[in-house]
Amino acid sequence: MSTTQHSYPFPEFEPRWQHHWLSSNAFRAKNPGDSDFDPAQKKQYILDMFPYPSGEGLHVGHLVGYTATDILSRYHRLKGANVLHPMGWDAFGLPAEQYAIKTGQHPRATTQKNVANFRAQLQQLGFSYDWSREVSTTDPEYFKWTQWIFLQLYSAWFNPATQKIESLSTYTGQDPDSVRLAYVADIPVNWCQELGTVLANEEVVDGKSEVGGFPVERRPMRQWMFRITTLADRLIEDLEKVNWPDSIKQLQRNWIGRSEGAEVIFKIKDQSEKTITVFTTRPDTLYGATYVVLAPEHPLLDELGIASEALADYRKSCNAKSDLERTDLAKTKTGIPLGIEAINPINGEALPIWAADYVLMSYGTGAIMAVPSHDERDKEFAEQFDLPIRTVIENDVAINSPLINGATAAEGKNKIINWLEEHSCGRRKIQYKLRDWLFSRQRYWGEPFPIVWENGKHRGLSEHELPVEPPEMEDFRPTGTAEPPLAKAKEWVRYSENAVRELNTMPQWAGSCWYYLRFCDPHNKKSFIGKDAETYWKNVDLYVGGTEHAVLHLLYARFWHKALFDLGHLTTCEPFQRLVNQGMIAGSDGQKMSKSRGNVVSPGEVIAQYGADALRLYEMFMGPLEHGKPWSTTGVEGIYRFLARVWRLGMQQDATTHHWSVSSNIADIPLTPAQQKVVHATIKKVTHDIEALSFNTAIAQMMVFVNEFTAAKPCPLEALHIVLRLLSPFAPHLAEELWMQLSNHFPSLQKIGISASQATWPKWNEEYLLLEETTYVLQVNGKVRGRLTLSTTATKETVEQEALNDPSLQPHLEGKKIQKIIVVPKKLVNIVAN
RNA sequence: GCCAGUGUGGCGAAAUGGCAGACGCAAGGGACUUAAAAUCCCUUUUCGCGAAAGCGGAGUGCGGGUUCGAGUCCCGCCACUGGUACCA
C-alpha cells in the first residue's frame, strides 16, 4: 500500500513526533532537587506492570494496559500534574536461560536484544514514558539494591511484641536464625530434574513444571525462605486501605487462608508419653470425633514403631503418587488402620488411628480428628471403611456433648477451647494456608545471594561488596545434581581462605518486588531510593496489569514493602494504592492469541496499515478496560476512518498534488448555541470518562462531536482546539500534528498551548448545558404514549396539567380513573390510571 | 465442589431505577465517479397491520419478587469464562 492511499499522512508525522518527544525528553518527571521541580504541583504515579522481554515481542493484547495508562498520564499532565510514568524490564528468568542453553548465546546478549526490540515496539506507539528512568532488573546498578534489600530482610526479624519487623539488634533470644526474616531450611521442595531447579508451589501445575511441562518430584533440600507468614494478618487487614477490585482482594484473602480454630492434643493409648496434635476449626464438634487420621508422611509414624508391611506399602504408594494422581483419585479415599488408639481428651474415649492421604502433611499439623457427622471428607472415609458416625449438632446447637449441650457453634468453640487450655490438652490457634516463601532457585540467570558460608554458617556481605555479580561462565547448564550451576564457577565460589559463596540465586520475583520504588529515583548511587524522592512520590497511584499477577507478585511486593516500611525506609505501608486489571484480547477467532493457533496480531502490522494512533484508539474503543474481548480487523478500520474525519476537519487535500493544507472551511467564529452544547457536553463526558477509565465511551462521545462538526460550514476554530486537546491523550500524534498545522495558520492558537501535549485541559461550562426547553416522555401505566416539549422552568403542576391535556394520551386515558401522576423533572411523566 | 466475574441486535458494545440498543463494525440502498477506491447520505432488534407516513404487540439467559416504572435492586435457577482444589 503506497503512502498516497492512506486517508491521512500518519506514516510521515507519527515517527516525526515520536522522535521529537524522545529527543526533547518531553515526558520527564521532575524529582525534588531538580531545578524545575515545583513542590506545589500535584504528583501522579501511573505504572504498568513491567514486562518480561521475551523473544516473541509484544502482541496487540499486551498494549491494552499500556495504552490506558498512557492516556491517564497524558491527561494528568494536561491537567497540570507532575506525572511519573516509567517503563523497565523484568529481565532475569528461566526462559532466557533456557534459550541461552539451547542456542549457546549468553542470556545477557539475548536479553539485550529482546529489550531493544521491546523498547522499539513501545516507542512506535508513542507512549509517553520517561525513558530517562528506564531500569532493568539484570543491571548490576539495579540488582545491587535488590541484594541490599535482601540483606536488610536477612538481618531483620518479626517482633511478636510490637507486631513489627525490626532489626535483629532488638532480638534478645539465643538463636537469631530461628527468627530471621530470611532463613535457611531443609524442606521438601519441588525438584524438577529437567530444569535442574526447585520450583515454588505455584510454579508447579498438575505435578508438572509451569515452564516446559516437565515432571516434578518432592525432595528435601536446603533452601532460603522468607517468613512471609509473620505478616499474614497485616497482609489481610491492609487490603482495606487500598482501592483494588474486590475479586483480587478476595483472591489474596483466600490465598492467605486464615482460619481460626484450635490445636487438640490426643494421647496415645498405652503410650501416654506420645501424643498427636491435630488442628481443627470446629473444636465444638470434639465429642463427634470417632477416629484420628495422620498424613502418610507424618513423622510420628516412624516414632511409633509400627512395623507393619501394609503400612510401609501404603506410604510408598502415596509417595509415588504425583499431585495429579492424588487429585484424580480424589473420589475414592484410601487409608490404612494402624491398630493403635488415641484418647479423646474431652471424654477419655479411645479412637482408632488411621493413616490416609486425604490428610495433607503440609497443612496444619498433618493430623486431624475426624468428625464424619459434620465433615464431608471424613464422612466419605467413614462410610467407606465402616467407621462410626456420631451426630453432635442438631438445629445449629450442640447435642451429645455434655460440656456444651445446647450451645451454638461460637459458644461451643469458646467453651471447648477454654476447657482444653485449662486442662493443658490444647490451645486456641490461628492457621494459615499461606506458607513461608521459598526464595532460592538453582539457576544461573538470577541475582546471586549476597551471602557467604563459613564453617557451615551463613553470613551477609557488607554493603560495599555489592553488587555480587554472577560469574562469567561458558557452561551454565544444570549440573544434573542438586548443586546449582554456579557450583561450576570454582573461582567465583571461593570467597576467601575459608569461606564460599552461596550458590543459589534469587527467583524472578525478587527484582519485580521493588522496581516501582527504583523508578522514583533510578540513578541514586547512595540508596535504593532517596528520602526526598520517597516522601514525594510515596507509592503508586494507579497500577495496571494482568490478573495473572493477582496473587503472587502483588503479595510478595506488599510483603517487601511492609518490611521496608517497618524498618523505616518507606513512609507508606502499601505499594499500590489503586489497582486495575486489564482484560485479555483474544484473536479474531475468539481463542487465546498464540503462535500455534496462528491468530497473533502484531502491533507492527497494524501500525503499518493504520498507524499508531488508530491502534491505540481501537484498543480502547473495543470495550471496557477490564473485559476480555476479541480482536477485529474491521474494527480498526472504523477507528481509522474516524481519525481521518478528524484530520479532514482541519485539513484539505489538493486534488492534483495530493498536498494537505489547512482547511479553508475553518473560521475563527463563535460557536452557535447548539454547537456550544455539544462542545461542552463532550468536554464534560470525556473528562468524567477518563477519570472512570471508561475510555470506550469517551471515544464514542468524541465521535458524536466529530459527526456534528463534519457538517458545520464553516467550522469554528474553537471546536477544533477543544477536540484536539480532548483527543490528544488518545491519539497524540494526530493531535500534535494538527495543532501545529493550525497554529501556523491561526497564531491565536499558540496562546492556548504551544502544542497539543503542552496545552491545558479544557473546562466545561455547566451553563451551556442548561436548556430552555426539554422534551418530556409521557407514559401511561409505564408505557410510552407521547412526548411533550416544555420549558425547563415549568412547575410540577404545569407539567402534570400539560401532560393530562396532551392529545396523544387521550385514547389511553379514556374511561379510566387517574390514580397517581409521577413527574421526574425535565425527563418524564408517568400517569397511573385504571 | 468452592470463590470471583459475565450473560443486551448478525458482531464489539451503550444506558445516576426513568424513551433499551448511544458509538462503532458488518449488511443493504443511494449520491459522486467513465469505472473502482475513498468520501457523503439513508435503512438495519423482532413480530403484526399498512402503498407509505405511521400504528400496535413482544423484547436485555430462565423463573419469581420489590416499584408508578427494572437491563439496572432482591430471591431462586441455568449457561459460559477465569481462579482454586481433600486447607480439616
Side-chain angles (χ1 to χ4, degrees), chain A residues 5-7 206 245-251 253-255 257-259 261 278-282 285 293 295 323 326-327 329-331 333 356-360 362-371 374-378 380-381 431-435 547-548 550-551 581 583-584 586 588 590 617-618 621-624 626-639 641-642 644-645 648 653 694 696-707 710-711 775-787 811 819-833:
Chain A
Q5 279 175 290
H6 291 295
S7 303
D206 290 342
D246 285 338
S247 59
I248 300 294
K249 290 188 182 184
Q250 201 51 43
L251 278 174
R253 282 189 207 106
N254 291 346
W255 188 264
R258 183 182 202 270
S259 42
V278 306
F279 174 73
T280 175
T281 54
R282 297 298 304 272
T285 63
V293 188
D323 287 358
R326 279 207 188 185
T327 317
L329 299 172
K331 298 250 151 47
K333 291 200 163 32
D357 73 350
Y358 84 91
V359 173
L360 308 176
S362 50
Y363 181 76
T365 60
I368 62 154
M369 62 178 216
V371 184
H374 304 291
D375 182 285
E376 273 303 311
R377 298 150 302 175
D378 295 344
E380 207 180 298
F381 190 82
Q431 188 68 48
Y432 301 92
K433 268 203 288 198
L434 181 70
R435 326 263 165 83
T547 356
E548 65 272 21
V551 177
N581 294 118
M584 295 252 284
S588 47
L617 210 61
Y618 178 61
F621 186 64
M622 290 172 80
E626 294 92 335
H627 288 194
K629 49 241 158 185
W631 185 261
S632 150
T633 307
T634 51
V636 192
E637 272 172 44
I639 283 291
R641 278 198 284 268
F642 164 69
R645 283 160 71 100
R648 288 195 310 269
Q653 190 170 31
S694 177
N696 53 332
T697 52
I699 295 166
Q701 181 62 35
M702 289 190 274
M703 287 174 168
V704 171
F705 182 106
V706 171
N707 290 344
T710 296
T775 301
Y776 280 80
V777 170
L778 306 182
Q779 297 183 332
V780 175
N781 294 330
K783 282 196 163 57
V784 180
R785 298 299 182 186
R787 271 154 232 284
Q819 307 288 337
K820 198 172 176 184
I821 303 178
I822 286 115
V823 176
V824 181
K826 297 184 201 176
K827 273 198 178 146
L828 165 146
V829 182
N830 186 14
I831 298 168
V832 185

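Protein chains get the first letters and strands the later ones, always in sequence-line order, with residue 1 at the start of each. Keep in mind it's a predicted model, so treat the numbers as computed, not measured. As a basis for the values below, the full set of heavy atoms in this structure was taken, side chains included, without hydrogen atoms, waters or symmetry mates.
Nucleic acid contact for A/S259: sugar-phosphate only, since backbone atoms but no base atoms lie under 4.0 Å from a heavy atom of the residue. Residue-level contact check: A/G638 touches the backbone only, with heavy atoms under 4.0 Å from sugar-phosphate atoms and none from bases. Among the heavy atoms of the strands lying under 4.0 Å from A/L251 are primed sugar atoms or P, OP1, OP2 only; no base atom is included. At a threshold of 4.0 angstrom between heavy atoms, the contacts of A/N707 are confined to the sugar-phosphate backbone, with no base atom among them.
The separation of B/G18 from B/G63, taken at their P atoms, amounts to 23 Å, rounded to a whole angstrom.
Of the candidates B/A4, B/C68, B/A26, B/A4 carries the atom nearest the A/S247 side chain, counting heavy atoms from C-beta on. When distances are taken from the side chain of A/R648 to each of B/C3, B/U39, B/A88, the shortest belongs to B/U39.
Shown here are the side-chain contact (heavy atoms from CB on, under 4.5 Å) partners of A/T775, two or more places apart in sequence or in another chain: A/R787, A/T789. Not counting sequence neighbours, the partners of A/S632 by the side-chain contact (heavy atoms from CB on, under 4.5 Å) test are A/Y618, A/T634. Residues passing the side-chain contact (heavy atoms from CB on, under 4.5 Å) test with A/S588: none are found, sequence neighbours excluded. Judged as a ring-ring contact (aromatic ring centres under 6.0 Å, His included), and not counting sequence neighbours, A/F642 has no contacts. Every residue meeting the side-chain contact (heavy atoms from CB on, under 4.5 Å) condition with A/A295, not counting sequence neighbours, appears here in chain and number order: A/E297, A/V359, A/M361. With sequence neighbours excluded, no residue forms a side-chain hydrogen bond (donor to acceptor under 3.5 Å, both in side chains) with A/T365. A search for salt bridge (charged side-chain N to carboxylate O under 4.0 Å, His left out) contacts involving A/R258 returns A/D233, A/E260, not counting sequence neighbours. A/R645 meets the salt bridge (charged side-chain N to carboxylate O under 4.0 Å, His left out) test with no other residue; sequence neighbours excluded.
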Any protein N or O atoms within reach of nucleotides 54-57 of chain B? Criterion: under 3.5 Å, listing atom names and distances.
| unit_1 | atom_1 | unit_2 | atom_2 | d |
| --- | --- | --- | --- | --- |
| B/G57 | OP1 | A/R785 | NH2 | 3.4 |
| B/G57 | OP2 | A/R785 | NH1 | 3.2 |

Item to check | Derivation and outcome, side chain to side chain contact (heavy atoms under 4.5 Å, CB included), residues A/Y363 and A/K433 | outcome: CA-CA 7 Å; A/Y363 181 76; A/K433 268 203 288 198; 3.9 Å; yes

May I have the list of side-chain donor-acceptor pairs in residues 819-829 of chain A shorter than 3.5 Å, sequence neighbours left out?
| unit_1 | atom_1 | unit_2 | atom_2 | d |
| --- | --- | --- | --- | --- |
| A/Q819 | NE2 | A/N834 | OD1 | 2.7 |

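In this structure, the CD1 atom of A/I831 is 11 Å from the C1' atom of B/C68, given to the nearest Å.
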Next on the checklist: Counting primed atoms plus P, OP1 and OP2 as sugar-phosphate and everything else as base, spell out the protein contacts along nucleotides 12-19 of chain B at 4.0 Å heavy-atom distance: B, S or - for each nucleotide, 5' to 3'.
Outcome noted: BSS-B-BB

Next on the checklist: Wobble G-U and Watson-Crick pairs count when both distances are under 3.5 Å; given that, what is the 5' to 3' dot-bracket string of RNA chain B, with | for pairing to other strands?
Outcome noted: (((((((..(((.....[....))).(((((.......))))).(((((....)))))..(((((..]....))))))))))))....

